[in-house]
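In what follows, chains are A, B, ... by sequence order, proteins preceding strands, each numbered from 1. Predicted model only: the values in this text are computed from it and were never measured.
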Protein chains: 2
Amino acid sequence: MAKGAQTREAIVDTAVEVAFRVGLGGLTIGELARQRQMSKSGLFAHFRSKEALQLAALERARETFVDLVVRPALSAQRGEPRIRELFERWLACARDGSPGGCLFVKAATEFDSQPGALRDRLAQDHQDLFDTAAQVCRSGVSVGQVRRDVDAEQFAHDLYGVMLSFYLAYRLLADPAAETRARAAFEALLAGVRT
Amino acid sequence: MAKGAQTREAIVDTAVEVAFRVGLGGLTIGELARQRQMSKSGLFAHFRSKEALQLAALERARETFVDLVVRPALSAQRGEPRIRELFERWLACARDGSPGGCLFVKAATEFDSQPGALRDRLAQDHQDLFDTAAQVCRSGVSVGQVRRDVDAEQFAHDLYGVMLSFYLAYRLLADPAAETRARAAFEALLAGVRT
DNA sequence: ACCAGAATCGCACGACCGTACGAGGGTGTC
DNA sequence: GACACCCTCGTACGGTCGTGCGATTCTGGT
């Protein structure tokens, strides 16, 4: 990989970490340059607007999420194992504070009222995630572990709710019972769609 | 009410509206002054730091949420009616974009990784909300509509999840089915705790 | 009508913002 | 060794940020 591309990757990594704390909107070229110990202009040259930087960070976050959560889940056995894998990976990514995966979800609330390229991209990505989760749910139908008349979109929706609720309790309230509750909610959800 | 207090109230109202779009962190004294058509320094004098302004906005958001959601729910009949009232009011406040109520929830994700007075206050308020929701759930036990062995905290947690998931689908994705799904999730939740 | 105090203003400050541009340094190819 | 090209830098611009202060205007009680 060329030197420039390497630097760019490193910058984006740092951007994700910072944005994970202060939000994508709170990202600052100056602060980022400080952290990477390079000049503002040198850093800026890699992106050519702040929005491009934010989009790059968002994309990295999405990739991280896909690598850490979605892909491993999709390579698990169809049906319940796959559903469980999706949930467990997602939970782990939130719990261990892997910045990428978390940012991807966190940015959603930040930009839900700010029209623009970021919001559009975020909406697209989340729609994809919902579709994937629904598909995972349906994979359970084909192996007879999930009710044939299941509402897969509803399941995806509800699963997301469980995760969001976990994020909040775990990160804002630092509630030690957060994980237990998330698991309980997940099991209830699963019980509701099982054959 | 003295003139000054009146102005302050108006400023805080505007602050809540703006923060609802750009986040509490995105609040700006200059922009606020522009919207209220007064000088930056004149506006600033009412608070004496930006953080105080943010805290004031957060408090107003909390009050709005309590007025619009919590109090009406608590004055409904114990048991299922009260639980339903809590859910419906909450849903309505999110759906109609009442800035106060929404901001209160939205700010939670914004500051979950930024230590400080805002985060602390937010955590306290959310804990209170959880406690209230749990209490509302328990009110159903006393009238025999909710299972005696219900985990009220879990219920509160799950209810929050349903709301968060609704926020996302409604605001980011503009999904027309969001409300229907939220209602379905709520009914499933309720069915799980009924006697 | 007057006066005290509250409310608001104008102006200034240093810091940082995002962005632009040209100069210089490094590296790889002929 | 010369050349081209990619990175990175310094410097600069106009703007906005949060905050402080003294001067001015407004308001309410006497």
**Prompt:** Counting only N and O atoms by type, is there a donor-acceptor contact under 3.5 Å from the side chain of A:Arg8 to the main-chain atoms of A:His46?
**Reply:** yes

**Message:** Ignoring hydrogens, what is the shortest heavy-atom contact between B:Ala107 and B:Leu24? Give both atom names and the distance.
**Reply:** CB-CD1, 4.0 Å

**Request:** Please round to 10 degrees the angle between the axis of the first five pairs and the axis of the last five pairs in the helix from C:dA1-D:dT30 to C:dC30-D:dG1.
**Result:** 10°

**Asked** Any Lys/Arg nitrogen of A:Asp13 or A:Arg60 sitting under 4.0 Å from an Asp/Glu carboxylate oxygen of the other?
**Response** yes

**Prompt:** For the residue pair A:Lys106 and A:Phe20, what are the closest heavy atoms and their distance?
**Reply:** NZ-O, 3.0 Å

**Closest contact, heavy atoms only, A:Val105 versus A:Tyr167** = CG2-OH, 3.9 Å

**Message:** Do the side chains of B:Arg181 and A:Glu153 get close enough for a salt bridge, i.e. N-O under 4.0 angstrom?
**Reply:** no

**Request:** Step through it carefully: locate the ring centre of A:Trp90, locate the ring centre of A:Phe65, and say whether they are under 6.0 Å apart.
**Result:** yes

**Salt-bridge contact A:Glu179-A:Arg183 (side-chain N to carboxylate O under 4.0 Å)** = yes

Please tabulate, one pair per line, each protein N/O and nucleotide N/O from nucleotides 16-18 of chain C that are separated by under 3.5 Å, including the distance.
from   : atom 1 : to      : atom 2 : distance (Å)
C:dG18 : OP1    : A:Lys50 : NZ     : 3.0
C:dG18 : OP2    : A:Ile29 : N      : 3.0
C:dG18 : N7     : A:Lys40 : NZ     : 2.9
C:dG18 : O6     : A:Lys40 : NZ     : 3.4

**Short side-chain N/O contact to C:dA6 OP1/OP2 from B:His46, under 4.0 Å** = no

**Message:** Check this for me: does any side-chain nitrogen of one of B:Glu80 and B:Arg84 sit under 4.0 Å from a carboxylate oxygen of the other?
**Reply:** yes

**Message:** Strictly under 4.0 angstrom, non-hydrogen atoms only: write out the protein contact profile of nucleotides 22-30 of chain D, one letter per nucleotide from the 5' end, B, S or -.
**Reply:** ---------

**Prompt:** With a 4.0 Å cut-off, would you call B:Glu51 and B:Arg121 a salt bridge?
**Reply:** no

**Message:** Any side-chain to backbone donor/acceptor pair from B:Thr7 onto B:Lys3? Under 3.5 Å, distance only.
**Reply:** yes

**Message:** Taking CD in A:Gln35 as the centre, count heavy atoms belonging to other residues, nucleotides or ligands within less than 6.0 Å. Is the count above 12?
**Reply:** yes

**Message:** Is there a side-chain contact between A:Ser41 and the phosphate of C:dA20, meaning an N or O under 4.0 Å from OP1 or OP2?
**Reply:** no

**Request:** Step through it carefully: locate the ring centre of A:Phe166, locate the ring centre of B:His157, and say whether they are under 6.0 Å apart.
**Result:** no

**Item:** Residues touching DNA chain D, which here means a heavy atom under 4.0 Å, drawn from residues 113-121 of chain A
**Value:** none

**Request:** Go through residues 11-26 of chain A and report each residue with a non-hydrogen atom lying under 4.0 Å from DNA chain D, sorted by number.
**Result:** none

**Asked** Would you call A:Glu85 and A:Arg82 a salt bridge, taking side-chain N to carboxylate O under 4.0 Å as the test?
**Response** no

N/O to N/O distances under 3.5 Å, protein versus nucleotides 25-30 of chain C:
none

**Request:** Using only heavy-atom distances, determine whether the side chains of A:Asp131 and A:Gln135 contain a donor-acceptor pair under 3.5 Å.
**Result:** no

